[in-house]
J.: 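Here it is, the structure in full.
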Amino acid sequence: MSASCVFPMCARASRGLLRLRNGTPVAVDVARLLSTDKPAAGDDSATGGLARAILQQRLQQQSQGQPPPAEGAEGAGGGGDKKQKENTAYAKKMVLRLAGLMGLGGAVSVVYIFGTNSVDEEGNQIPDEFDKGRASGRLEYDCQEPPVVQQLKRTVKYFQDYRQMIIEPTSPKLLPDPVKEPYYQPPYTLVLELTDVLLHPEWSLATGWRFKKRPGIDYLFQQLAPLYEIIIFTAETGMTAYPLIDGIDPQGFVLYRLFRDATRYMDGHHVKDVSCLNRDSSKVIVVDCKREAFSLQPFNGMALKKWDGNSDDRTLYDLANFLKTIALSGVDDVRSVLENYATEDDPVDAFKRRQAQLAQEEQQQQQRVGEWSQQKKSGLSLGSIASRFWRSKQQ
């Protein structure tokens, strides 16, 4: 067998054998073959030298524990990554197209639903300010805007009105006019928050949401009903608050009920605007646990501490005494009184401290008056004795 046949066979054999990772005996045989065979002349010697160099490189990699690279692996891996990237890009493109179609369909549906004219009981469309060319039930398209533009404007106006309804109170006069004689109108108005002032929401796995009644609610209503027009003005919705008010006021002391839709939404808070109550602002007191609730009229409100559900709480009893004192004193403007408690963390507790201090001062003053009167009586008695002695001596 010639050298031109031997070396290609050796090269093919070595290539096939070296694909085995743990083929040490095979590697030894190939090395022995390369060391014993003599190179042929011409092109065969060059081919044999190249095959020998390739085999030596692969043997060296195998001896160092590195597996030889598989033929075509790099090309196959590169092709797989490229195909995967193409599939990912195609999927993203399809998702974006689908989202765009859904968004366009939703926008068209919104414009169609909210931009169509209202209809009457007979199904006829009711003209509005956007129907400029409507006359005698006939559309004159030559002198009015296209129907698509009209529907777009109606849709925009609908959402503007809805936003305004959320932000602004439902009416500039939330309460009816005060009653006149022979009916009785209390001289003052008391606005109470429901959540965390009169009730405390609690949740448990067994019962779900429940509302705990604060101690002193009945006492508060009974003491203040003759003096105050009691109103519950809460940031809760009417569906939630209405049955709760019925539960805490079975006797009907609460004259009016206002809910979230009557508030003014500002900076993320539901604000109770006293100017919309249709009452004299100098006679209105707002009781809440958030100062933001009366931020438009800060001197019309009292910010109590949020009730945590403690059954030993006495705040409403003290609040009743405080408000009763204001009403019985005949204060012309309650804001002049509440202004003194505007910086207090707990105005009811501050009122109790000041009331105790005032009682102590009155007691001390009474003691001084008693001492002075006692001294005056003793002085008069000594003078009368001296005058009698002088008269007797003259006689």
Side-chain angles (χ1 to χ4, degrees), residues 162-171 174-175 189-225 228-274 276-277 284-297 300-320 322-323 345-349:
Y162 184 75
R163 179 177 178 273
Q164 193 74 10
M165 182 184 68
I166 295 176
I167 294 176
E168 300 293 332
T170 53
S171 174
L174 298 175
L175 298 177
T189 300
L190 176 62
V191 180
L192 296 171
E193 171 59 44
L194 187 66
T195 306
D196 293 326
V197 173
L198 301 179
L199 298 176
H200 177 66
E202 295 180 342
W203 186 89
S204 64
L205 188 61
T207 61
W209 282 107
R210 299 179 64 183
F211 289 85
K212 187 175 181 180
K213 184 178 178 180
R214 192 170 191 172
I217 291 181
D218 298 332
Y219 178 81
L220 178 74
F221 289 164
Q222 291 172 2
Q223 292 295 317
L224 300 183
Y228 287 86
E229 183 183 27
I230 301 177
I231 300 169
I232 289 185
F233 193 174
T234 177
E236 302 290 340
T237 61
M239 185 178 298
T240 302
Y242 213 94
L244 297 177
I245 299 174
D246 289 338
I248 65 174
D249 182 34
Q251 299 181 4
F253 290 114
V254 178
L255 299 180
Y256 300 103
R257 309 174 182 188
L258 299 174
F259 307 104
R260 181 180 297 177
D261 58 345
T263 61
R264 189 183 301 275
Y265 192 73
M266 299 174 57
D267 299 329
H269 301 283
H270 293 280
V271 181
K272 301 166 185 178
D273 192 354
V274 174
C276 296
L277 293 178
V284 177
I285 299 177
V286 181
V287 178
D288 205 299
C289 58
K290 298 178 181 178
R291 296 185 182 275
E292 296 82 5
F294 48 87
S295 58
L296 291 176
Q297 296 88 12
N300 277 104
M302 294 176 57
L304 302 183
K305 286 187 175 181
K306 185 181 294 186
W307 182 46
D308 57 359
N310 183 14
S311 300
D312 298 329
D313 183 80
R314 305 285 298 177
T315 302
L316 293 186
Y317 293 98
D318 299 331
L319 176 65
F322 179 33
L323 297 177
D345 294 333
D346 190 349
V348 175
D349 186 64

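Keep in mind that the numbers below use all heavy atoms, side chains included, and drop hydrogens, waters and symmetry copies. What you see is a predicted model, and the numbers here were worked out from it, not measured in a lab.
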J.: Taking atom OH of Tyr265 and atom CZ of Arg260, what is their separation to the nearest 0.5 Å?
T.: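 Atom-to-atom, Tyr265:OH and Arg260:CZ are 9.0 Å apart.
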J.: Describe, in one word, how the ring planes of Tyr317 and Tyr219 are oriented to each other, choosing from parallel (under 30°), tilted (30 to 60°) and perpendicular (over 60°).
T.: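 Tilted.
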J.: Measuring only between side-chain heavy atoms, which start at C-beta, is Phe233 closer than 4.5 Å to Leu175?
T.: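 Contact flag for Phe233/Leu175 side chains = no.
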J.: For residues Pro243 and Phe211, determine if any side-chain heavy atom of one lies less than 4.5 Å from a side-chain heavy atom of the other.
T.: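 The answer is no; the side chains never approach within 4.5 Å.
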J.: Taking side chain to side chain contact (heavy atoms under 4.5 Å, CB included) as the criterion, tell me which of Lys290, Glu292, Arg264 meets it with His269.
T.: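 Only one option passes, and that is Glu292.
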J.: To the nearest 0.5 Å, how far apart are CG in Leu220 and CG in Leu190?
T.: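 Taking CG in Leu220 and CG in Leu190, the distance rounds to 6.5 Å.
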J.: Would you mind reporting whether Asp196 and Pro201 have side-chain heavy atoms less than 4.5 Å apart?
T.: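 Yes; the side chains approach each other to less than 4.5 Å.
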J.: Surrounding CZ of Arg210 (heavy atoms of other residues, nucleotides or ligands, distance under 6.0 Å), is the total greater than 12?
T.: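 It does not: Arg210 CZ has 12 such atoms or fewer within range.
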J.: Kindly determine whether Lys305 and Asp313 satisfy salt bridge (Lys or Arg N to Asp or Glu O under 4.0 Å), including the steps that lead there.
T.: CA-CA 11 Å; Lys305 286 187 175 181; Asp313 183 80; over 6 Å; no
J.: Does the pair Lys272/Glu193 count as a salt bridge with the N-to-O cut at 4.0 Å?
T.: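 Between Glu193 and Lys272 there is a salt bridge, with a charged N closer than 4.0 Å to a carboxylate O.
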J.: Indicate yes or no: at least one non-hydrogen side-chain atom of Leu194 is less than 4.5 angstrom from one of Ile248.
T.: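 Heavy-atom side-chain distance check passes, below 4.5 Å.
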J.: Is Lys213 salt-bridged to Asp218, cutoff N-O under 4.0 Å?
T.: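 Looking at Asp218 together with Lys213, the answer is yes, because their closest N to O distance falls below 4.0 Å.
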